[in-house]
Amino acid sequence: MNKSTILEVKNLKVYYKTVAGDAKVVDGVSLKVNEGEIFGIAGESGCGKSTLVEGIYRIIKPPGYIAGGKVLFRNIDLLKLKEDEMREIRWKKIAYIPQGAMSSLNPVLKVEEQVIDAILDHTDMSREKALEIAKEVLTDLGLPEEVLNMYPHELSGGMKQRVIIATAYALRPELIIADEPVTALDVVSLREVLQTLAELRDKYKVTIILVAHDMAVHAEVDDRMAIMYAGKVVEIGDVNKIFEDPLHPYTRGLIESIPSIKKKKIIKGIPGIAPSPLNWPPGCRFHPRCPHANEKCRTEIPELKEIEPGRFVACHIYG
Amino acid sequence: MVDKPLLELKHVTKIFRSGGPYGGKEFRAVDDVTFSMPSKPSILALVGESGSGKTTIANMILGFLKPNEGEILFRGESVTDWLKNKPKEFRRKVQAIFQDPYEIYNPFYRANRVLKLTVKKFKLASSDEEAEKLIHEALRAIDLRPQDVLGRYPHQLSGGERQRLMLARILLLKPELIVADEPVSMLDVSIRAIFLNYLEEFKKQYGISCLYITHDLNTAYYIADKAVVLNLGKVVETGPMENIIHKPLHPYTQMLIDSIPLPDPKMRWKEKLKLKKLSLKEIRPEKGCPFVIRCPYAMKKCEETKPSLIDIGDGHLVAYHLYER
């Protein structure tokens, strides 16, 4: 059975102009997101995961620019749209929750004002109608209406983040892109927020792209996920399969690096440091840190290939 | 001679006031906290969510803040006395690692100078050659190549390298205690383990103890021998790490452990989190148990009297009314 694709990214490149040349932060990323799933994007700092979703949402600011590729949302190339056409897509069809959104709530305005502002900014409805919509979306996500009358500082971190998610879902978009929504939250709040995201998928059939550096977060809610390293996707697949049998040596290293209260074992981590986007290593970008690197890895860039149905990996080990 | 405990906190309370000297508001960041670290090398995890007072405790141990009540003893002498009588010795014996490896360095000093200053200040070497030798040894011990890092400025080092440079500094001093406040939370997973393994090695090889302050029970379980669990400034449970994780007694500890996301899709959370009340606001109860508002088992008594720590054997203590007899 083939699930329908809601978003397809084809060979997307996002570069930043610097005095030392282009920083190729996202360097040829291709992936497909299916309707109604939580699609995770994992990777460590500097791998380009945030820049990738900023590219998808078309909010790259100079000196950054999109150097090539396509972003097909329901077969419309977002990169070809005029700015006002893109505005019609933003928030109504695709909502985006940037990293640290919850700390950008205005401290002197009540939550109500801020949720309504977001709604009015993207529609022509009346204030009353917007308030009604705000109440509706909070109820749908299991949040009490009282939060509308509160100031951001009165809310716990988890509650703030859930208000942000509710705001993003206010106009019932089909796709929500959440960049590190649970970073800096305590575990209990983290769990509440992840449950809210899972509920959006399960109950309201919203598709979610979840960017997070923490692999455990992906293990908890994702359906499928991609792992990025040095501006490229190294592996894509079903989340169960990835954790059960990671294919790329980097994915394996990442999963084995996580200490867990369920298993006490010695963890080695991945030796070496992540490379700089100004100067990616030749060949496979992971080869300087890879235990299996051979001559081919040092010179030839591995393509992302489907080696079994639904499992993609970019590694020379797999032929 | 019986060795004095390395570190002892006795009924330590820290109150912050806001709104002027009279009639202002009181905020008990740390409330009647008692725990100790033994004289033999150990790693103690101080675990709690944000607002639990863990960083305030670290600041008091390091002498940056003074407790309002209670005392903190290092090797049997109060931190205040240490700092009054032999500050340099105290600073050498108790070292700190902070969360943010990006902010602690002077951006104009090369790595070389950071380490040289340490050697000079604590008179670790009698000559320049000896200083250089010490520095090179310390760097190699934590797998940094001296030629790679010494000439570089902080911004030219990665987060992991910066945090490891701190370890090299610590290795130069060979303190008795490291107070590490969330040392790995800003590091990438792939290098986190490497860092933690060094703390373990320091303990085994050089007998350096560590107070590992964190919100992350996964990493705490990985390296600590014992844990102290804080909730809103109070100790709710303390005991051997193994017991805390596998036989937690306090509902707060249980909730923390149940909420840890596990790196295994087969072990997802089965059901929704059960809390008595939606954690809408952050409320600190005036009296009684700090967890009373969120606790699913709260009784009348929990609202009124604060439970004291009860020893249930094995060095496992819990502040929970149900265990009072």
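Naming convention: chains lettered A, B, ... in sequence-line order (proteins, then strands); numbering from 1 in each chain.
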Checklist entry - Taking non-hydrogen atoms and a cut-off under 4.5 angstrom, which of residues 145-153 of chain B neighbour chain A? => result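 Residues of residues 145-153 of chain B touching chain A at under 4.5 Å: none.
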
Checklist entry - Which bit of A/K160 is near chain B, if near means a heavy-atom gap under 4.5 Å: side chain, backbone, both or neither? => result neither

Item to check | Residue part contacting chain B, namely of A/E256, when any heavy atom lies under 4.5 Å | outcome: neither

Backbone of [Y] reached by a side-chain donor or acceptor of [X] within 3.5 Å:
| X | Y | result |
| --- | --- | --- |
| B/N218 | A/I261 | yes |
| B/N197 | A/K268 | no |
| A/D186 | B/E49 | no |
| B/R192 | A/P259 | no |

Does the side chain of [Y] come within less than 4.5 Å of [X]'s, by heavy atoms?
| X | Y | result |
| --- | --- | --- |
| B/P261 | A/L190 | yes |
| A/S260 | B/L262 | yes |
| B/Y222 | A/I266 | yes |
| B/V189 | A/M215 | no |
| B/M186 | A/S45 | no |
| B/E161 | A/I273 | yes |

Checklist entry - Between B/S190 and A/R289, is a side-chain contact (heavy atoms from CB on, under 4.5 Å) present by the stated rule, with each step listed? => result CA-CA 11 Å; B/S190 65; A/R289 301 174 76 186; 3.2 Å; yes

Item to check | Residues in residues 216-223 of chain A that sit under 4.5 Å from chain B, counting heavy atoms only | outcome: A/A216, A/V217, A/H218, A/A219, A/E220, A/V221, A/D222

Next on the checklist: Could you walk me through whether B/D264 and A/E244 satisfy the side-chain contact (heavy atoms from CB on, under 4.5 Å) test, starting with their C-alpha distance in whole Å, then the side-chain angles of each, then the deciding distance to 0.1 Å, before giving a yes or no?
Outcome noted: CA-CA 8 Å; B/D264 186 350; A/E244 217 169 85; over 6 Å; no

Next on the checklist: Shorter than 4.5 Å, heavy atoms on both sides: which option in A/V182, A/V187, A/V239 has the most such pairs with chain B?
Outcome noted: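 Result: the option with the highest number of such pairs is A/V187.
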
Can you tell me how far apart [atom1] ([X]) and [atom2] ([Y]) are? Round to the nearest 0.5 Å.
| X | Y | atom1 | atom2 | answer |
| --- | --- | --- | --- | --- |
| A/D214 | B/D188 | CG | CG | 11.5 Å |
| A/R191 | B/L256 | CZ | CG | 11.5 Å |
| B/I223 | A/I267 | CD1 | CD1 | 11.0 Å |

Item to check | Residue B/E242 versus chain A: region with a heavy atom under 4.5 Å | outcome: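 When you check distances to chain A, only side chain atoms of B/E242 fall under 4.5 Å.
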
Next on the checklist: Between B/M267 and chain A, with a heavy-atom cut-off of 4.5 Å, which part of the residue counts as in contact: side chain, backbone, both or neither?
Outcome noted: both

Next on the checklist: For B/K204, I'd like to know if atom NZ has over 12 heavy atoms of other residues, nucleotides or ligands within 6.0 Å.
Outcome noted: no

